[in-house]
Student: 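Below is one structure. I have some questions about it.
Just so it is clear: chains get the letters A, B, ... in the order the sequence lines come, proteins before strands, and each one is counted from 1.
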Amino acid sequence: MAKQEEVILLDFWASMYGMKVRIALAEKGVSYMYKEEDLRNKSLLLLEMNPVHNKIPVVIHNGKPICDSSIIVEYIDEVWKDKSPLLPSDAYGKARARFMSDFIDKKVFLIGRNMCMTKGEEQEAARKEFIDCLKLIDGELGDKCYFEGESFGYLDLSLIPFYSRFHAYKMYGGFNIEHEFPKLFCWAKRCFENNESVSKSLPDPLKIHGFVQQMRKNLGLDE
Amino acid sequence: MADEVKLYAAAPSPYVFRAKLALSIKGVKFEYINEDLGNKSAELLKYNPVHKKVPVLVHNGNAISESLVIVEYIDEVWKGVPILPQDPYEKAIARFWAKFIDDKCIPTAFKAFGSNGDEQVVTEAREQLQILENELKVKGTKFFGGDNINLVDIAGSVIAYWVGIFQDATGLELITKEKFPKITVWAEDFVNLEVVNQALPPREDLVAFFKKMFGKA
């Protein structure tokens, strides 16, 4: 008899780190309970399950918490290893994927955010840095359909959440990815249109637009 | 065909040490290539164009960068003494604490040592170390890996050895036996392990280097 699996995801709808985990769970066909967190009023469960950082996403698997989106995704890949492998099987492929995923987590997501949350010279500097990051990633993709070749995998999953921000980048960051990096833009559309795990896990870009708009208001950038 | 393993390195770097220690644990023969960080070689820049940093491991022509990525690679390629746990959950926990050391402990400690004793900065560094101290207390084992060292202990080598050197170099006593009894004992046990001790760079050289780096020379 199959073991009763209980999987809970503590998340915030707009979080790109959360989206990575949602996509991974969907790729593996794992049933789970989604719990939306109010980041201004975090639940006792979140504080108990991630006492060190108090951050989402957290996956609770049969009562045991796993924190940090990249660590969670690798965990999911290892536990549900019989379906849709995410990481490459060879050690070198894994190392490259981990390196790039770390780069995406630390640079791409945060610099893209800075680009939308600043103005003037600061925004200009963020935009320049963003372009440099994307040049590297664009080079890594090359002419392939997906980062690993023919199938959607770990690096695609790690980067695709930023597709939800494209509209915001254009409206608030002065950055049109379709014009600047057409190959990456096509890759993103391909991920979204050909993979239900992605289309079901990413929020409506207009909702993100509203979210970014509100954050900018809170920072006093706009009226 | 014989394996070709090169490690682009610099003795003062605690990140380089992680890779060196992992290779030593596995008994891997490698070529240690010493880099002058003020004048980096063309090979280093070729193998790590993104960050241009050491360590870089080059295995049969394939370059791997970022110390924790390198350590995991070494663990996967060379069997023998395991560095990561087998169980996926235990592995996730080990990765979490190694990342905590990198993302929280090291940056705050570095800031503290460079701060000329700024109380707020020093307190913040001690707060992060306290979290690690509590983890050791809760685990109740000799090392983060239990009876033997694992990824977390290797990542923590910067705390076990380098923090003491920074203390000598700057005069700031960040970790004391009174405030951090568990970390103090763990650090001693770690440094006294034969495989660790043999791989560590000499203390005097490092103190001199970091005195200069922290502007105290």
Side-chain angles (χ1 to χ4, degrees), chain A residues 5 7 21 24 28 49-55 57-81 87-108 110 129 132-137 139-140 154, chain B residues 3 19 22 26 47-53 55-79 84-105 107 127-135 138 151:
Chain A
E5 298 273 23
V7 181
V21 176
K28 301 288 187 176
M49 290 290 133
N50 190 354
V52 175
H53 301 299
N54 298 153
K55 284 185 171 174
V58 178
V59 158
I60 309 168
H61 184 204
N62 296 332
K64 299 204 279 197
I66 304 103
C67 308
D68 189 281
S69 61
S70 298
I71 294 175
I72 296 171
V73 171
E74 285 217 41
Y75 175 82
I76 290 168
D77 201 28
E78 279 159 34
V79 171
W80 289 278
K81 57 181 182 288
L87 271 150
S89 52
D90 67 302
Y92 181 58
K94 279 196 182 113
R96 282 187 72 86
R98 285 172 181 147
F99 176 87
M100 287 301 306
S101 154
D102 188 55
F103 181 78
I104 290 164
D105 276 355
K106 293 207 165 92
K107 296 268 192 180
V108 177
L110 294 177
E129 218 189 333
D132 286 342
C133 290
L134 292 187
K135 269 189 190 142
L136 180 85
I137 289 171
E140 189 70 21
Y154 182 76
Chain B
D3 258 342
K26 299 286 188 176
Y47 287 130
N48 190 0
V50 177
H51 300 302
K52 306 178 173 57
K53 286 180 175 178
V56 179
L57 183 77
V58 181
H59 181 207
N60 296 331
N62 289 330
I64 302 106
S65 309
E66 291 300 291
S67 62
L68 294 181
V69 175
I70 293 172
V71 172
E72 288 219 30
Y73 175 84
I74 290 168
D75 195 38
E76 275 158 26
V77 171
W78 288 282
K79 301 303 165 194
L84 268 114
Q86 284 286 81
D87 173 68
Y89 184 71
E90 294 304 321
K91 212 185 276 192
I93 298 298
R95 284 173 176 152
F96 175 87
W97 286 107
K99 208 165 182 196
F100 177 77
I101 287 168
D102 266 2
D103 291 349
K104 297 285 178 182
C105 295
E127 275 169 9
Q128 303 307 319
L129 288 167
Q130 190 59 50
I131 295 172
L132 210 62
E133 172 82 11
N134 293 345
E135 177 62 12
V138 160
L151 179 75

Student: With a 4.5 angstrom heavy-atom cut-off, is it the side chain or the backbone of A:His61 that approaches chain B, or both, or neither?
Tutor: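 No part of A:His61 comes within 4.5 Å of chain B.
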
Student: Is A:Pro51 close to chain B through its backbone or its side chain, or both, or neither, when contacts mean heavy atoms under 4.5 Å?
Tutor: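 A:Pro51 has no heavy atom closer than 4.5 Å to chain B.
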
Student: Do the charged groups of A:Glu74 and B:Lys99 touch, with an N to O distance under 4.0 Å?
Tutor: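 The answer is no: the pair does not qualify as a salt bridge.
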
Student: Examine whether an atom of A:Lys94 lies under 4.5 Å from a heavy atom of chain B, and if so say whether it belongs to the side chain, the backbone or both; otherwise answer neither.
Tutor: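 Contact with chain B is through the side chain of A:Lys94 alone.
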
Student: Grab the two heavy atoms, one from A:Ala95 and one from B:Ile64, that are nearest each other, plus how far apart they are.
Tutor: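 Result for this residue pair: CB-CG2, 3.8 Å.
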
Student: Given a strict heavy-atom distance threshold of 4.5 Å, which part of B:Asn134 is in contact with chain A: side chain, backbone, both, or neither?
Tutor: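 Contact with chain A involves no heavy atom of B:Asn134 at all.
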
Student: Are there residues of residues 96-103 of chain A whose heavy atoms fall under 4.5 Å of chain B's heavy atoms? If so, which?
Tutor: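 Hits under 4.5 Å: A:Arg98, A:Phe99, A:Asp102, A:Phe103.
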
Student: Which pair of heavy atoms, one from B:Ala63 and one from A:Tyr92, lies closest together, and at what distance?
Tutor: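 For B:Ala63 and A:Tyr92, the tightest heavy-atom pair comes out as O-CE1, 3.4 Å.
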
Student: My understanding is that only residues two or more places apart in sequence, or in another chain, count here; which of them pass salt bridge (charged side-chain N to carboxylate O under 4.0 Å, His left out) with A:Glu129?
Tutor: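 Applying salt bridge (charged side-chain N to carboxylate O under 4.0 Å, His left out) to A:Glu129 gives A:Lys107.
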
Student: Of all heavy-atom pairs between B:Val77 and A:Ala91, which one has the smallest distance, and what is that distance?
Tutor: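 Heavy atoms of B:Val77 and A:Ala91 come nearest at CG2-CB, 3.6 Å.
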
Student: Output the distance between atom OH (B:Tyr89) and atom OH (A:Tyr75), rounded to the nearest 0.5 Å.
Tutor: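 The OH atom of B:Tyr89 sits 7.5 Å away from the OH atom of A:Tyr75.
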
Student: Heavy-atom pairs under 4.5 Å with chain B: which of A:Leu136, A:Asp132, A:Asp68 has the most?
Tutor: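 Winner by heavy-atom pair count: A:Asp68.
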
Student: Under the salt bridge (charged side-chain N to carboxylate O under 4.0 Å, His left out) test, which residues partner B:Lys26, sequence neighbours left out?
Tutor: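 Once residues adjacent in sequence are excluded, the partners of B:Lys26 under the salt bridge (charged side-chain N to carboxylate O under 4.0 Å, His left out) criterion are B:Asp75.
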
Student: For chain A, which of B:Glu66, B:Gln128, B:His59, B:Glu135 has the most heavy-atom pairs under 4.5 Å?
Tutor: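 The residue among B:Glu66, B:Gln128, B:His59, B:Glu135 with the greatest pair count is B:Glu66.
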
Student: Side chains of B:Arg95 and A:Ile66, heavy atoms from C-beta outward: is any pair under 4.5 Å?
Tutor: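 The answer is no; the side chains never approach within 4.5 Å.
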
Student: Using salt bridge (charged side-chain N to carboxylate O under 4.0 Å, His left out) as the criterion, list what pairs up with A:Asp90, not counting sequence neighbours.
Tutor: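 Salt bridge (charged side-chain N to carboxylate O under 4.0 Å, His left out) list for A:Asp90, sorted by chain: empty.
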
Student: Which atom names give the shortest non-hydrogen contact between A:Val79 and B:Pro88, and what distance separates them?
Tutor: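 Reported closest heavy-atom pair: CG2-CB, 3.9 Å.
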
